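Just below is one structure, and these are the notes that go with it.
All heavy atoms count here, side chains included; hydrogens, waters and symmetry mates do not. Bear in mind the structure is a predicted one, so any value in this text is a computation, not a measurement.
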Amino acid sequence: MGSPPMIDGAFARWLADRAGQALLGLRAEMGFADPGALKSAGDKVSHDLIRTELARWRPGDAVLSEEDEGSRLAWAADVNAEAVSRLAADRVWIIDPLDGTREFSEEGRADWAVHVALWARNAVSPHGLVAGAVGLPAQHRVLGTDYPPAYPPMTAATAGGGRTIRLAASRSRPPVFLTDLAEDVGAELVPMGSAGAKIAAVVTGDVDAYIHAGGQYEWDSAAPVAVATATGLHASRIDGSALKYNEADPRLPDLLVCRKDLASRLLAALQKHSG
Ligand SMILES: Nc1ncnc2c1ncn2[C@@H]1O[C@H](COP(=O)(O)O)[C@@H](OP(=O)(O)O)[C@H]1O
Ligand SMILES: [Mg+2]
């Protein structure tokens with residue numbers, strides 16, 4: 001096998017694709033009789049593959065992966081920063097080896113993803129993400145910042161033509177306020193698994209927006225937010241502030257990703273309903 005691409009964006013795509021192929025192979029091999037075993041095996045196989053390739057091809061970079069021991073811990077900068085290499089690093093790969101683990105274990109579902117993002121200290125954007133790829137193995141595609149997808153075409157809803165806004169939300173843990181918000185703005189809720197799959201659906205125009213609140217971590221959104229912003233879409237916290245990555249505390253509990261033309265309307269509705 002030849003070497004992977006040198007350029008970070010293309011490398012992220014290569015890595016997300018490799019891990020995705022391994023996950024499809026695992027699904028085929030194990031079947032769906034024991035969803036718990038399939039979920040555990042999926043998390044481990046993808047994490048190990050990505051960790052191994054990063055150690056081999058990007059040995060100087062730090063990594064924050066969902067499946068690392070202690071990944072969810074918040075580190076007080078003055079106390080423990082030296083114990084956590086990523087906080088002093090200039091480049092950090094933020095990885096969710098299998099996002100939408102639950103959907104991965106359900107036969108026929110394609111709403112699960114592999115997230116590979118790169119945060120850099122010298123980035124110009126507030127979120128600090130300089131490359132990212134979202135593998136959607138069961139949809140046979142990878143979205144990446146190396147070739148950002150075209151901005152989704154104007155829909156009837158956003159052009160004011162009457163169709164309701166399509167608003168993606170978690171299948172299992174949607175924000176409590178979302179039903180009221182949707183009614184207020186005239187949106188139809190589209191339940192879907194995986195933050196990556198939902199943001200990919202905004203990128204491709206299958207839905208107009210994705211709102212989440214109530215809990216998430218940096219790895220759940222880093223790679224898809226890198227792709228969404230490279231495409232020109234809006235991505236922020238639900239109070240409109242910037243999403244930030246490689247923070248001491250990896251919790252990043254809420255976000256809004258949507259078409260630019262819907263952002264002010266949805267942020268106003270969020271201010272009203274999420275308080
Ligand atoms: N309230 C919450 N607290 C912590 N993580 C949450 C959460 N709601 C959603 N997530 C995480 O966000 C990802 C997308 O969730 P959902 O599919 O429900 O939209 C999932 O990642 P994983 O599948 O990697 O665990 C899930 O664990
Ligand atoms: Mg996740």
Rounded to the nearest 0.5 Å, what separates atom [atom1] in [X] from atom [atom2] in [Y]?
X	Y	atom1	atom2	answer
Arg18	Arg13	CZ	CZ	15.5 Å
Leu243	Glu247	CG	CD	10.5 Å
Arg56	Ser3	CZ	OG	7.5 Å
Leu233	Cys258	CG	SG	8.0 Å
Leu49	Leu15	CG	CG	7.0 Å
Trp57	Trp14	CH2	CH2	7.0 Å

Same cluster or not: are [X] and [Y] linked, directly or through other Ile, Leu, Val, Met, Phe, Trp or Tyr residues, by side-chain heavy atoms under 4.5 angstrom apart?
X	Y	result
Ile199	Trp219	yes
Ile95	Leu98	yes
Leu266	Leu189	yes
Tyr151	Val203	yes
Val190	Val257	yes

Kindly say whether [Y] contributes a backbone atom to a donor-acceptor pair with the side chain of [X] at under 3.5 angstrom?
X	Y	answer
His47	Ile50	no
Asp254	Gly214	no
Ser46	Gly42	no
Thr164	Gly186	no
Thr229	Ala226	yes

Taking C-beta and beyond as the side chain, do [X] and [Y] meet within less than 4.5 Å on heavy atoms?
X	Y	result
Leu255	Tyr210	yes
Leu136	Val142	no
Pro175	Leu181	no
Leu267	Ser236	yes
Asp96	Glu218	no
Pro148	Val227	no
Glu188	Ile165	no
Leu252	Arg237	yes

* To do: Using the ring of Phe32 (Phe, Tyr or Trp, six-membered ring only), decide whether Arg27 places NZ or CZ under 6.0 Å from its centre and within 45 degrees of its axis.
  =>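 Verdict for Phe32: no cation-pi partner in Arg27.
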
* Any chance the side chains of Tyr217 and Ser71 put a donor and an acceptor closer than 3.5 Å? ->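 No.
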
* Asked: So does Leu73 have more than 12 non-hydrogen atoms from other groups sitting under 6.0 Å from CG?
  ->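 It does: Leu73 CG has more than 12 such atoms within range.
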
Atom of [X], atom of [Y] and distance for their closest heavy-atom approach:
X	Y	value
Ala223	Ala133	CB-O, 3.5 Å
Ala195	Gln216	CB-NE2, 3.7 Å
Val185	Ala269	CG1-CB, 3.6 Å
Pro97	Val114	O-CG2, 3.6 Å
Lys244	Pro126	CG-O, 4.3 Å
Phe177	Ser274	CE2-CB, 3.5 Å

* To do: Could I get the full list of salt bridge (charged side-chain N to carboxylate O under 4.0 Å, His left out) partners for Asp220, not counting sequence neighbours?
  =>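 None.
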
* To do: Mind checking salt bridge (charged side-chain N to carboxylate O under 4.0 Å, His left out) for Asp90 and listing every partner two or more places apart, or none if nothing turns up?
  =>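 For Asp90 the salt bridge (charged side-chain N to carboxylate O under 4.0 Å, His left out) partners, ignoring immediate neighbours, are Arg121.
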
Does [X] pair with [Y] as a salt bridge, N-O distance under 4.0 Å?
X	Y	answer
Asp249	Arg251	yes
Arg166	Asp206	no
Glu67	Lys44	no
Lys198	Asp111	no

* Might you work through the side chain to side chain contact (heavy atoms under 4.5 Å, CB included) test for Leu262 and His234, ending with a clear yes or no? => CA-CA 9 Å; Leu262 283 177; His234 171 94; over 6 Å; no

* **Intermediate values then yes/no, side chain to side chain contact (heavy atoms under 4.5 Å, CB included), Arg141 and Thr204** => CA-CA 12 Å; Arg141 60 194 173 129; Thr204 55; 3.0 Å; yes

* For the side chain to side chain donor-acceptor pair (under 3.5 Å) test, which of Arg171, Arg109, Lys39 pairs with Glu103? ->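 When Arg171, Arg109, Lys39 are each tested with Glu103, the side chain to side chain donor-acceptor pair (under 3.5 Å) holds only for Arg171.
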
* Asked: Under 6.0 Å between ring centres, would you say that holds for Trp93 and Phe11?
  ->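 Ring centres of Phe11 and Trp93 closer than 6.0 Å.
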
* Asked: Given the rule in the side chain to side chain contact (heavy atoms under 4.5 Å, CB included) test, do Asp43 and Thr101 qualify, once you have shown the distances and angles that lead to the verdict?
  -> CA-CA 8 Å; Asp43 279 332; Thr101 316; 3.8 Å; yes

* To do: Mind jotting down which residue pairs meet the ring pair (Phe, Tyr, Trp, His ring centres under 6.0 Å) criterion with at least one end in residues 105-134? Sequence neighbours excluded, please.
  =>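 Residue pairs passing ring pair (Phe, Tyr, Trp, His ring centres under 6.0 Å), neighbours aside: Phe104-Trp112.
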
